[in-house]
Student: 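Next up is a structure, given as structure tokens.
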Amino acid sequence: MKTLLIKNALLETGFAFENGRVVQTNTDLFDVLIQDGKITEIENHIQTSGSDYEVIEAHGKLLMPSFREMHIHVDKTYFSGPWKACTPITNGILTRIEEEQELLPAQLPFALNRAEKMIEWLISQGHTHIRSHCNVDPQIGTKHIEITKEAFKKFENQVTYDIVAFPQHGLLRSKVEPLMREAMKLGATLVGGVDPATIDRDIDRSLNLTMDIAVESGKGVDIHIHDPNSLGAFEFYKLAELTKQAKKDGQVTISHAMALGDLHGKELEELVAVLAESKIDVTSTVPIGRSTIPIPYLHENGVLVSLGHDSLTDHWSPFGTGDTIEKLSILAERFKFIDEYSLNRCWKYASGGITPLTDSGDRVWPKIGDRANVLLLDAVCSAQAVARRRPITHVISNGNIVYINDEVLAKEVTQ
């Protein structure tokens with residue numbers, strides 16, 4: 001593997017305070033040397049010899065940790081295909097499930113190409129890890145698992161990934177237990193599930209079977225739970241109980257977790273404590289059409305929160321962009337993060353918790369030995385990048401340059 005030298009990159013070094021309040025993020029220029037996929041040297045000036053290395057002249061661009069897309073469906077998308085808006089919802093989530101019974105088999109001939117195009121786009125948006133949920137249902141069987149594996153194989157040197165075997169039409173409702181077990185043997189890395197109450201209509205049986213498949217396969221769980229209020233909370237408590245029994249602490253994710261946006265006071269406090277104890281994490285798309293789950297509160301109380309886009313454009317929604325800087329900006333607006341400090345602390349929700357500075361302002365990233373999954377952005381600090389939605393210019397995955405934004409760089413030359 002060649003050596004990569006990033007010259008004159010801006011790194012966040014600490015906070016500037018005024019009257020006890022953070023008013024600015026301090027930065028300085030550094031050279032960063034990358035060898036065999038890891039950061040090996042960080043100095044104000046690095047002199048190298050020999051020709052077996054590549055140089056990026058950053059010209060003062062900001063170096064930041066790359067993103068992790070933790071909830072997407074690359075297997076069923078309109079992305080890169082002809083424009084098509086969604087049909088109206090007339091029967092809740094069942095409208096989409098019924099639609100898929102005909103739509104997904106019809107999309108099989110071009111599902112691989114669209115999955116590849118979506119992965120390529122997500123890489124260009126700064127993601128070096130992608131978690132994709134893939135349908136397992138009676139109409140397509142495990143074909144989407146196979147398609148998604150093949151799509152990711154094309155990018156195996158650019159991105160790491162998870163594949164969630166996802167019974168979108170209900171684990172019990174669509175009778176896909178044998179297909180789910182087969183999907184895990186085919187290479188799915190997580191067991192999925194969806195709304196044990198409203199889709200499967202049997203909370204105990206649905207969750208027990210989901211966990212049984214996870215135990216048998218030796219994998220974790222990522223389950224979609226949209227059910228609101230006390231119904232969703234009941235499912236969370238049951239899932240936490242099963243997580244403890246199966247010794248799956250730290251291996252379970254609740255996607256969407258809408259009920260957390262409906263609870264308040266003691267109800268929320270007690271439930272969050274149980275999730276934290278079981279190390280159950282949560283993934284959110286930061287929805288704007290309903291109450292958003294209390295992301296900062298969850299983080300402050302020990303629950304890991306990650307972000308995902310769910311879709312770019314498909315039969316569920318025409319609005320996704322895959323732009324995680326935009327997603328962070330929406331999160332900041334939603335929770336009124338308008339000051340330097342709160343904007344700076346946003347990055348962790350998209351990077352797997354990695355930030356250049358601690359809460360108190362000590363520089364902890366990058367350091368020698370860190371995996372070289374990094375971005376260069378046209379920004380003066382991460383607070384500006386989030387608030388002003390500044391563009392990415394370079395994406396580096398495991399020490400390899402996997403994307404260069406030539407359009408932004410060309411504009412710099414002409415300005």
Student: Ignoring hydrogens and geometry, is there a side-chain-to-backbone donor-acceptor pair from Asp75 to Asn135 under 3.5 Å?
Tutor: yes

Student: Passes salt bridge (Lys or Arg N to Asp or Glu O under 4.0 Å), Asp314 versus Lys84? Steps please.
Tutor: CA-CA 8 Å; Asp314 59 17; Lys84 187 174 182 180; over 6 Å; no

Student: Report yes or no: does Asp200 contribute a side-chain atom to a donor-acceptor pair with the main-chain N or O of Asp202 at less than 3.5 Å?
Tutor: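 Between the backbone of Asp202 and the side chain of Asp200 there is no qualifying donor-acceptor contact (under 3.5 Å).
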
Student: Main chain of Gly81, side chain of Lys117: is a donor-acceptor contact present, judged purely on distance under 3.5 Å?
Tutor: no

Student: Indicate the ring-plane relationship of His71 and His224, choosing parallel, tilted or perpendicular according to the 30° and 60° boundaries.
Tutor: tilted

Student: Do you know which of Val55, Ile34, Asp31, Ile42 makes side-chain contact (heavy atoms from CB on, under 4.5 Å) with Ile6?
Tutor: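 Answer after filtering Val55, Ile34, Asp31, Ile42: Ile34.
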
Student: Only one of Glu100, His133, His315 forms a side-chain hydrogen bond (donor to acceptor under 3.5 Å, both in side chains) with Lys76, so which one is it?
Tutor: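 Result for side-chain hydrogen bond (donor to acceptor under 3.5 Å, both in side chains) with Lys76: Glu100.
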
Student: Salt-bridge test for Glu333 and Arg389: reply yes if a basic N is under 4.0 Å from a carboxylate O, no otherwise.
Tutor: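 Yes, Glu333 and Arg389 are salt-bridged.
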
Student: Is it true that the NZ or CZ of Arg363 lies under 6.0 Å from the centre of Phe30's six-membered ring and within 45 degrees of the ring axis?
Tutor: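 Positive - Arg363 is close enough to the ring of Phe30 and near enough to its axis.
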
Student: Just to verify, which of Val303, Leu275, Thr283 counts as forming a side-chain contact (heavy atoms from CB on, under 4.5 Å) with Ile254?
Tutor: Leu275

Student: Under 3.5 Å, side chain of Thr95 to main-chain N/O of Pro88, donor-acceptor pair present?
Tutor: no

Student: Between Asn373 and Asn398, is there a donor-acceptor pair closer than 3.5 Å when you use the side chain of the first and the backbone of the second?
Tutor: yes

